[in-house]
Amino acid sequence: MTISGRRRPLVLAAVLLVSTALASCSTTRDPAEDAEDLAKALATGETSYTRGLGSAEHLASMLGEIAELPRTVEVAAVGEPREITDSKITVVDVDLDWAWDLDADGEPDWSYTSTAQLVEDDEGAWNADVQPDSLVPGVGPQSSVVLERVRGERGDVLAGDGSAIVTDRPVLRVGVDKTRLEGAPEAELRASAEAVATLAGYDDPATFADRAVSAGPRAFVEAIVVREGSSDVDLARLAEVPGGVALPGELPLAPTSAFARALLGRVGEATQEIVEASEGRVSAGDTVGLSGLQEQYDVTLAGRPGLRVSAQVGAELTTLFERPPTDGADLHLSLDTRLQTSAEVALAGTTSPAGLVALRPSTGEILAAASGPGSEGQNTAMLATLAPGSTYKIVTALALLRAGVGPDDVVSCTPDATVEGYTVGNYPGYPAAYLGEITMADAIAQSCNSALINARDSLTPEAMADAGAALGLGRDLAGTWPGFLGSVPAGVSGTGFAASLIGQGEVLASPLAMATVAASVQAGAAVAPTLVLGPEEIADDPARVTAPPVPLTAEEADVLRGYMRGVVTGGTATLLAEVPGGPVHAKSGSAEAGEGGDARVDSWMMAYRGDLAVAVMVQGGGHGSGVAGGIVRDFLTAVG
């Protein structure tokens, strides 16, 4: 465990002097009233409530590092007046019940009873006589009160097999050590700081230099944290910068910098905004989740910090109160480390936003969720909201099947289809041999747009929404993690409805959503993706997901499997035909997106092989199955 805290040499006064210059009365006042005033003063820090307590600053100095913390002080008992024989002074003992909220979370952490005295002056008034241990028992005249936060161990992020994905790994904290520049002029410090910031990759090194100049004279000002062995910072050049250092440390990290980065998020030192929003749970200097699952499940992973109050005399500490820390719990995910790594490798060559999600159809467990380097840290795999193009035709095929159009029924694949004056053509290079009257199976295998649009009179938006839900689209998540399971418009008509039949218009999906469709076809029922396996209190619960209005039947699933197999054996995904490890079922797709100069065609592919379903999207990948299909092929080949 690690300990954070400040130790200030705040020496307690031995005895607060009794003031006799305050208001007086001709008869002895009931000490119970003055006891209540004393309790109120000690609770609020406003010493004007009672006689003889001294200044608010003096009280704060006596309480040391806990002076500003929330507390309650109540009178537990007021004794009978008694005379001290030697001095002939009359005193009253006051027992005070204290309750301290040491982490400012609204709940008391430390309670005790102390005893103070009220002393009667010559005019019968009662004045506070408070010694150091009247405030905090065990604190002597030369002691200072110290508060420390004791941090427990942060929980790891585990893979489905229980192995650690994110665990403490060695890092280097690169920055400026101002003790090595002690006495140097500001211009020299600023020059060193800007040199360090430049090596750390800052776009504006002057901002880091400003921070370094304003920091304390003996501060270490951190610029960046890098993995040990990383080439992100030239350490040889850093060593040549006066005051530039790379301090060894540890930080919870994944196996590589790319590993599920957008999903898992990152860990670092709490920002001021996080501290202020935490309601006392987080303190400056704490390590917290800054993004992704690390941020979302930070309470689980971080555990509860411990607290220690001590009386300090010189270098010696005497513990007065201690609440041990509670170590964070491990966050158990369904991810498969080997599959996730293979997904990252398969996407490594993409320069535009791209995502890959792999599921286990039999359980719904998410085995890989990778976003390519072109996503620049965004969670494209789980959160993209884009038209899925022709991969969505499996949903339309299910709706048509329910309307009576089966795989051997004939549909009309014309060169294009016109709806309310708007013409939709087939993709560039569509095979002429499959124009005209073709079977529904061929229309799906060759991905004929016009055939589905021409059959629109057999369908309704409600029927399409039901078909989407039967394949897992548009449903609630089984957990609280970030994910988008798609949306199917229920109130469209005309051209909007026609566009939706081929995965355009208002239909939206993510790689997660389309991997769910593929998994549902293989499983024969709507799959509810799961990611968090434990701890139990936050684990995903597929039972919370409402069942589809019209569930997928075994007969329907069998037809859809045939459609997807035909796409591989003689349709638009023949590049997957030779993938080893069993027959692959797939559906390719391309989707037009953007307008004007920003117009592009996104490449999609969803597939399954055995108990593994996968979907890939590459923004701007173009028509045809080559880009997304090639990534699916590489991924399935790699994972065997």
Side-chain angles (χ1 to χ4, degrees), residues 386-401 403 405-407 409-461 463-464 467-468 473 486 488-489 492-509 514 517 560 563-564 566-568 570-574 586-595 599-606 617 621-629:
L386 300 169
S390 294
T391 55
Y392 187 74
K393 288 175 181 173
I394 292 299
V395 176
T396 307
L398 173 59
L400 284 170
L401 180 62
V405 181
D409 290 315
V410 174
V411 292
S412 181
C413 182
T414 53
D416 53 49
T418 301
V419 181
E420 297 181 349
Y422 181 73
T423 300
V424 178
N426 294 312
Y427 60 84
Y430 182 86
Y434 288 95
L435 288 172
E437 301 299 300
I438 63 175
T439 65
M440 182 64 184
D442 283 339
I444 296 299
Q446 305 304 324
S447 203
C448 178
N449 290 337
S450 60
L452 302 189
I453 293 175
N454 289 334
R456 64 188 181 279
D457 290 343
S458 300
L459 302 172
T460 65
M464 289 298 298
L473 285 182
V488 180
V492 292
S493 60
T495 57
F497 181 58
S500 73
L501 301 181
I502 57 173
Q504 294 276 182
E506 296 181 34
V507 174
L508 297 173
M514 298 318 294
V517 171
L560 298 183
Y563 284 147
M564 293 181 68
V567 174
V568 176
T572 57
T574 54
K587 183 66 191 81
S588 62
S590 53
E592 296 179 356
E595 296 179 357
R600 67 177 193 272
V601 176
D602 297 337
S603 177
W604 288 80
M605 180 72 80
M606 68 175 184
M617 187 284 302
H623 289 287
S625 60
V627 177

Taking the side chain as every heavy atom from C-beta outward, state whether Ser590 and Trp604 have any atom pair closer than 4.5 Å. no
Let me confirm one number: the NZ-CG distance from Lys393 to Asn449, rounded to the nearest 0.5 Å. 3.5 Å
So, taking the atom named CG in Leu401 and the one named OH in Tyr563, what distance separates them when rounded to the nearest 0.5 Å? 6.0 Å
Main-chain N/O of Ser450 paired with Asp416 side-chain donor or acceptor, under 3.5 Å: no
For the CG atom of Leu400 and the CG atom of Leu452, what is their distance to the nearest 0.5 Å? 6.5 Å
Going by the rule side-chain hydrogen bond (donor to acceptor under 3.5 Å, both in side chains), which residues pair with Ser493 if we only count those two or more places apart in sequence or in a different chain? none
Could you walk me through whether Val419 and Val424 pass side-chain contact (heavy atoms from CB on, under 4.5 Å), step by step? CA-CA 8 Å; Val419 181; Val424 178; over 6 Å; no
Check Leu459 against Ala403 and note the closest heavy-atom contact, atom names and distance. CD2-CB, 4.4 Å
Look at the side chain of Gln504 and the backbone N and O of Ala387, then say whether any donor-acceptor pair between them is shorter than 3.5 Å. no
Can you check whether Tyr392 reaches Thr396 side chain to side chain, under 4.5 Å on heavy atoms? yes
Do Val411 and Asn454 come close enough that some side-chain heavy atom pair is under 4.5 Å? no
Report yes if the side chains of Asp602 and Arg600 come closer than 4.5 Å at any heavy-atom pair, otherwise no. yes
Measure the spacing between CG of Leu508 and OG of Ser500 and express it to the nearest 0.5 Å. 11.5 Å
Are the side chain of Thr460 and the backbone of Ala463 linked by a donor-acceptor contact shorter than 3.5 Å? yes
Lys587 and Ser390: CA distance, side-chain angles, deciding distance, side chain to side chain donor-acceptor pair (under 3.5 Å) verdict: CA-CA 7 Å; Lys587 183 66 191 81; Ser390 294; 4.7 Å; no
Is Met606 close to Met564 at the side-chain level, that is, under 4.5 Å between some pair of heavy atoms? yes
Taking the side chain as every heavy atom from C-beta outward, state whether Thr391 and Met605 have any atom pair closer than 4.5 Å. no
If you count the non-hydrogen atoms of other residues, nucleotides and ligands that lie under 6.0 Å from CD in Glu420, is the total more than 12? yes
Stepwise, does the side-chain contact (heavy atoms from CB on, under 4.5 Å) test hold for Val568 with Thr574? CA-CA 5 Å; Val568 176; Thr574 54; over 6 Å; no
Flag, side chain of Gln446 to backbone of Gly570, donor-acceptor distance under 3.5 Å: yes
Met440 and its side chain to side chain contact (heavy atoms under 4.5 Å, CB included) partner, picked from Asp442, Ile444, Ile438: Ile444
Shortest non-hydrogen separation from Ala451 to Cys448 and the atoms involved: N-SG, 3.4 Å
Report the C-alpha separation of Cys413 and Asn426 in whole Å, then their side-chain angles, then the decisive distance to 0.1 Å, and conclude whether the side-chain contact (heavy atoms from CB on, under 4.5 Å) test is met. CA-CA 9 Å; Cys413 182; Asn426 294 312; 4.1 Å; yes
Under a 3.5 Å cutoff, is there a donor and acceptor pairing between the side chains of Ser625 and Thr572? no
Any side-chain heavy-atom pair from Pro388 and Val507 closer than 4.5 angstrom? yes
Determine whether Thr414 and Leu435 make a side-chain contact, defined as any pair of heavy atoms from C-beta on separated by less than 4.5 Å. no
Determine the minimum heavy-atom distance between Ala417 and Ile453, stating which atoms define it. CB-CG2, 3.9 Å
